[in-house]
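Worth saying up front: this structure is predicted, and the values here are computed from it rather than measured. Letters A, B, ... mirror the listed sequences (proteins, then strands); counts begin at 1. Just so it is clear, the values below take in all heavy atoms, side chains as well, and ignore hydrogens, waters and symmetry mates.
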2 protein chains.
Amino acid sequence: MKLHILGCYAATPRTLTNPTSQVLEIRDHMFLIDCGEGTQVQLRINRIKFSRINHIFISHLHGDHFFGLPGLISTFRLLGRDKELHIYAPKGIKEAITLLLKLGDSWTNYPLVFHELTSKEPQVIYEDDKVTVETIPLNHRVFTNGFLFKEKLRERKLNINAVAQYKIDKCYFQSIKNGKDIILDDGKIIPNKVLTFDPAAPKGYAFCSDTGYFPDIIPQIQKVDTLYHESTFLESEAHLASKTKHATAKEAAKIAKKADVGLLILGHYSTRYRSLDLFKEEAMEIFNRVALAEDGKVFEF
Amino acid sequence: MKLHILGCYAATPRTLTNPTSQVLEIRDHMFLIDCGEGTQVQLRINRIKFSRINHIFISHLHGDHFFGLPGLISTFRLLGRDKELHIYAPKGIKEAITLLLKLGDSWTNYPLVFHELTSKEPQVIYEDDKVTVETIPLNHRVFTNGFLFKEKLRERKLNINAVAQYKIDKCYFQSIKNGKDIILDDGKIIPNKVLTFDPAAPKGYAFCSDTGYFPDIIPQIQKVDTLYHESTFLESEAHLASKTKHATAKEAAKIAKKADVGLLILGHYSTRYRSLDLFKEEAMEIFNRVALAEDGKVFEF
């Protein structure tokens with residue numbers, strides 16, 4: 001898995017920082033998560049091919065998380081896209097995009113498929129043979145979901161030496177990887193565990209932004225490899241965090257600690273602070289596996 | 001008058017170029033003309049104070065001319081704006097902005113005044129004691145207006161030597177500037193033209209984008225000091241220009257020549273060409289006062 005941070009700052013725009021947007025590379029997918037204004041330019045800067053994006057997940061309908069979407073949808077048309085584009089977002093997104101297209105007497109020459117979200121319970125919103133995506137209901141001023149991206153268990157790894165030793169024909173390899181035992185011509189049964197190794201443990205990534213401190217999410221994100229949790233403020237502005245339903249770095253760390261995640265990535269920073277290091281320092285008083293999101297940074301896990 | 005080009009490229013986004021947006025400084029106003037995605041960042045980069053923008057003119061509702069508007073409106077709130085903001089744009093803009101604010105359970109803490117345009121005839125849409133703004137109906141795929149910004153005639157300039165010679169008291173200066181003659185204590189009449197100089201000729205700026213070749217606009221923009229006319233294509237792509245209702249550089253120059261404008265500024269370039277100089281070369285075959293818009297460039301006139 002590879003996480004490209006396109007933008008990780010809160011709403012107030014600045015010359016050199018961008019509102020929320022990320023691309024998660026996971027098992028051949030390039031999932032776009034949130035789409036603040038300017039995302040299409042950030043995709044270019046980060047050299048991510050537009051044609052590889054087929055699924056866009058929008059956490060909530062505040063401008064700094066989706067005002068880049070209409071432009072991206074228009075650009076896909078200009079670039080001659082014909083593949084389906086799937087958009088997972090709170091109810092209302094379809095009305096908004098449809099209106100904006102209609103006002104410009106415009107259209108898409110590709111199927112634009114809206115998956116409007118309304119449930120306040122976690123739900124699987126995407127699934128194929130390799131990954132699942134679930135909503136993580138969050139606690140913000142408007143209906144907001146985080147997203148939990150999970151790999152499925154991969155097929156077992158072939159033990160090349162073992163299959164050679166038993167002279168097993170290639171045509172059986174796929175069923176061996178699927179977990180089957182093998183019966184040799186002499187009737188001897190070779191158990192699958194002799195012929196294979198365990199696959200790598202499936203990985204998970206949880207994106208949680210925007211949200212106030214919300215321990216309800218802990219069971220769902222328990223032991224996830226990587227958690228991106230917003231930390232708009234420091235504890236010195238806890239009153240603002242509480243009022244605006246955002247989290248402090250300390251609160252993000254508390255969630256990370258209780259959920260025992262592999263790595264906490266902080267982001268969605270208010271631009272009032274002189275240094276991002278302050279966020280990391282505050283979080284590390286609670287939890288010691290902390291990284292800072294920065295625009296253009298890539299995490300591999 | 002000072003014209004700041006924030007963005008002057010057609011819709012397809014690139015890393016280093018921006019869609020249409022300009023700021024015209026005219027007699028204490030900072031008029032924002034069009035507002036493509038990323039305009040708020042371009043305002044920052046060009047060091048234009050957000051608080052000085054009170055009037056926004058949108059030519060038409062294609063995304064590359066207004067997808068930056070919702071974000072700018074939101075940002076004005078974050079920055080604590082309380083002054084009125086006036087938006088002049090085709091009908092539909094109010095519904096779009098209202099819906100986007102509603103979806104985010106958001107609002108503006110300043111009066112947001114929409115002036116929705118529907119007329120296919122030129123009309124004065126803004127007027128005060130110093131300037132007027134008229135629509136210039138254009139010929140594009142959707143309802144589109146250019147805008148003609150005109151200074152009003154300034155007051156006459158005081159001839160300091162003449163008023164000193166006749167020992168005229170300061171308290172008469174304003175009425176002299178307004179054109180009045182003066183009667184001295186001895187009954188002698190001093191005609192205004194002795195006491196004043198003609199004011200500078202009022203200037204005008206015409207913004208015409210997006211449009212196909214459309215000579216109907218010529219009488220309205222006759223002898224305007226500066227004309228910004230779109231030139232999305234070169235003549236080699238005249239078939240595309242005609243199909244998409246855009247103009248070529250040559251067509252822009254024809255309009256400039258027939259209207260006998262002071263300066264033609266080209267812009268709204270398709271990104272398919274290797275050099276902007278090609279646009280200038282083509283236009284100068286027809287008309288010789290041609291300049292190229294470039295993002296970040298400032299014109300004074």
Side-chain angles (χ1 to χ4, degrees), chain A residues 10-19 36-47 50 58 60-80 89-106 140-144 270-271, chain B residues 10-19 36-47 50 58 60-80 89-106 140-144 270-271:
Chain A
T12 323
R14 294 197 308 180
T15 306
L16 296 172
T17 63
N18 296 285
E37 185 175 348
T39 292
Q40 49 182 328
V41 172
Q42 295 310 311
L43 286 169
R44 292 263 196 236
I45 290 173
N46 288 274
R47 297 176 179 282
F50 284 34
I58 303 290
H60 64 301
L61 298 184
H62 279 157
D64 58 319
H65 294 256
F66 87 108
F67 280 173
L69 187 58
L72 187 60
I73 287 171
S74 301
T75 296
F76 278 141
R77 177 175 75 81
L78 288 174
L79 299 178
K91 186 166 171 56
I93 192 73
K94 182 174 177 178
E95 185 184 358
I97 298 295
T98 306
L99 175 61
L100 292 174
L101 289 172
K102 193 188 77 178
L103 288 177
D105 199 12
S106 198
H140 193 40
R141 302 194 303 277
V142 291
F143 176 66
T144 303
S270 161
T271 53
Chain B
T12 323
R14 295 197 306 182
T15 306
L16 296 172
T17 63
N18 297 284
E37 185 174 348
T39 293
Q40 50 181 329
V41 172
Q42 294 310 311
L43 286 169
R44 291 263 197 236
I45 289 174
N46 288 273
R47 296 176 180 281
F50 285 34
I58 302 290
H60 65 299
L61 298 183
H62 280 156
D64 58 322
H65 293 255
F66 87 109
F67 279 174
L69 186 59
L72 187 60
I73 287 171
S74 301
T75 296
F76 278 140
R77 179 176 75 79
L78 288 174
L79 298 178
K91 189 167 167 54
I93 192 72
K94 183 175 177 177
E95 185 185 358
I97 297 295
T98 306
L99 175 61
L100 292 174
L101 289 172
K102 193 187 80 177
L103 288 176
D105 198 11
S106 197
H140 193 41
R141 303 194 302 275
V142 291
F143 176 66
T144 303
S270 161
T271 54

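- For the set A:G63, A:G36, A:P90, A:G71, the entry with the most heavy-atom pairs within less than 4.5 Å of chain B is A:G71.
- At a 4.5 Å heavy-atom cutoff, the contact between B:F66 and chain A is made by side-chain atoms alone.
- With a threshold of 4.5 angstrom between heavy atoms, B:Q42 does not approach chain A through any atom at all.
- Nearest heavy atoms, B:F67 versus A:S74: CE1-OG, 3.6 Å.
- Contact count versus chain A (heavy atoms, under 4.5 Å) is highest, among B:R141, B:E95, B:K91, B:K102, for B:E95.
- Neither the backbone nor the side chain of A:S106 comes within less than 4.5 Å of any heavy atom in chain B.
- Taking NE2 from A:H62 and CG from B:L100, the interatomic distance works out to 12.5 Å, rounded to the nearest 0.5 Å.
- Heavy atoms of A:L103 lying under 4.5 Å from chain B belong to its backbone as well as its side chain.
- Contacts between B:I73 and chain A at a heavy-atom distance below 4.5 Å are absent for every atom of the residue.
- To the nearest 0.5 Å, the span separating NE2 on A:H60 from CG on B:D105 amounts to 11.5 Å.
- Contact record, B:L99 with A:A96: CD2-CA, 3.6 Å, taken as the closest heavy-atom pair.
- Residue contact with chain B, scored on non-hydrogen atoms closer than 4.5 Å, involves the backbone of A:T39 exclusively.
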